[in-house]
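This report refers to the structure that appears directly beneath it.
Basis for what follows: all heavy atoms, side chains included, without hydrogens, waters or symmetry-related copies. Lettering of chains follows the sequences in order, A, B, ..., and the numbering in each one begins at 1.
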Amino acid sequence: MVTAPPPPASASPTWCVLGREAGGRTRLLVLDGDGRSLGTEEVAADGLPALVARREEEHAPRWVWSDAAAWYPRLLAAGVRLERCHDLRLIHRILCHSELVEDASSLRAATEWETPLDPHEPVRDQGAALFELDAAAPRSGAVPSETEETWAEFTRQRAAIDGAHDPARLRLLVAAESAGALIAAELQAAGIPWDVAEHDRILTVALGPRPSPGTPPSKMVAAGAEVRAALGDPLVPLESPPKLLRALHRAGIDVPSTSQWELQQHEHPAIEPLLRYKKMSRLLTANGWTWLDEWVHEGRYRPVYVPGGVVTGRWASSGGGALQIPRQLRPALRADPGWRLISADVSQLEPRVLAAMSADAAMIAAGAGKDLYSGIVEARIVQTRQEAKIGVLGALYGGTTGDSGRVVPRLRRNFPAAMALVDGAAATGERGGTVTTWLGRSSPAPGEDWTRAQRTANQPDVAAGQQEAARRSARERGRFTRNFVVQGTAAEWALSWMAALRLQLARFEEVPESAAAAASGPVFSLRAHLAFFLHDEVIVHAPAEQAEAAATAIRDSADAAGRLLFPGSAIDFPLDLGISERSAEK
DNA sequence: ACGAAGGGCGCG
DNA sequence: AAAGCGCGCCCTTCGT
């Protein structure tokens, strides 16, 4: 262990920077609040969890590392949980593009921080890759150590944030994004408690008993036979859209594609069994027995979450389709014996975020304490809740046709500030400009092809078709930027919500080991903990006696997130919350 | 032969 | 119902 000269008495450790060094050793760099070094330590890989645990207990620093995804799972496996971190790779992406950052040139030059982590690649190999990349292209002679590279990037990021147009907002974003990185790792480690027998029961009811491998389930075979009989075509392959489409045409069903909603427009004996077949086929291939075998072990489904995986800042997932679990399978989410699932989703998160961002008093009032869509009906802006929903979604997504095209102008009259915000974002996007979320995540610049097409279309004597294509792609980009500001800010709200919730739950008392010993799955935590996240919804897995407290924490955290992002705003974020042994069917 | 692209559909 | 945004994953077909 190497120790620097003793620090001045006033300095308190604030940051702990981790980096890997030669021989599989890890170096820890302790910094004070101004970024001055207070000392270093070095340990072999197997000593890291103990070292980190000791520092966390002593002064709960903010851990600075290349990625939570690379470091945290091993610590979690050793039972070490951390409060806060700074995820350099995730923050690098944000800062490089944020309009709030005055000068991102030095960050952009540090290209080794650009590469997104492959969520499936073994962590060890990826760490080595970062190191070797530097070794292959050394600056001015000596190869810097990974710890020094990490510190250097951290210094660049701090400078970018401190010099930003609105550092306070950017700091919130950095904290929320980094907390998300911790949460994603914890969610994967915890897993979703999954009832394999219930899942199998649902599959059996829908498809028939599990068939032998390579054989379709009985109910699919039967439905397929009905379709082929009704089409008078005993061989048509139902899984091949082009061939199925031709068979439908031959049978006199004039559809432009084989999608469900096109088929539903038509009356024909083949339609009903075909729709039934498609439903079954989807369930079988996406979440059938094969999925169960592959993804659920020891009563836990462990999806791979990818924080910041979507340009807007939403999470993505990789493998297992964590964010697309069909509602049909929700009953398979089941708490351990003696435990409960507390499911909570935010009602109309995106419209509420828009109302708050734009400080649109009428829209905020429409949502106050209740269903926003009903509030719009009560304000006599539209006749029905359905109309309100279609109109609001049209406003967020840029709908211009059909019902949404008819309702949006009414919203524009009644919610002028909210509509001006999204209309402005759309106009900026159509011009090729950049838009930015509430906390400072900016949309990507348009591609070269897009810009060239727009330039070309503006010149005289350009073919009408080319002009129309350019206008269409301009409108498409406008719809993207229109939605970006709202979807991205909603993602920031949701991260803030979870970050606050996670810290509250971490302060819950542990329950006696015996209560958890009865659990059907491996124990992640002896207290209430997050088990699932889906854009505007969380599920907490909690000992029964902590369920009410967890529900309160979920609500309090939602309020806290609202105040954090929109201080002084009257906006509220009501939750739809339920406590049960199974995740409620909606 | 193999990866990219596209249809289709699940989620918010 | 989709429409209008953002995804991931399965399957087949297309292109090299």
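Here A:Gly320 lies in heavy-atom contact (under 4.0 Å) with sugar-phosphate atoms only. Backbone-only engagement by A:Ser257 is indicated by non-hydrogen atom pairs under 4.0 Å involving sugar-phosphate atoms exclusively. Residue contacts for A:Ile325: at a heavy-atom cut-off of 4.0 Å it reaches the sugar-phosphate backbone alone, with no base atom in range. Looking at heavy-atom distances under 4.0 Å, A:Thr258 makes contact with sugar-phosphate atoms alone, never a base.
If you take CH2 of A:Trp315 and C1' of B:dG12, they are 14 Å apart, rounded to a whole angstrom. For the pair A:Lys243 NZ and C:dC11 P, the computed distance is 16 Å after rounding to whole Å. In this structure, CG of A:Leu393 is placed 16 Å from P of B:dC11, rounded to the nearest angstrom. Rounding to whole angstrom units, CD of residue A:Glu239 and C1' of C:dT12 are separated by 10 Å. Atom CZ of A:Arg314 is separated from atom C1' of C:dG8 by 13 Å (rounded to the nearest Å).
For A:Gln487 against C:dG6, no side-chain N or O and base N or O form a donor-acceptor pair under 3.5 Å.
Here B:dC9 is the nucleotide among B:dC9, C:dC5, C:dA3 with the atom lying nearest to any side-chain atom of A:Arg282.
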Checklist entry - What's the verdict on salt bridge (charged side-chain N to carboxylate O under 4.0 Å, His left out) for A:Lys219 and A:Glu226, showing C-alpha distance, side-chain angles and the deciding distance? => result CA-CA 11 Å; A:Lys219 293 197 176 186; A:Glu226 286 181 57; over 6 Å; no
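Note on A:Ser318: every side-chain N or O is 4.0 Å or more away from OP1 and OP2 of C:dG8.
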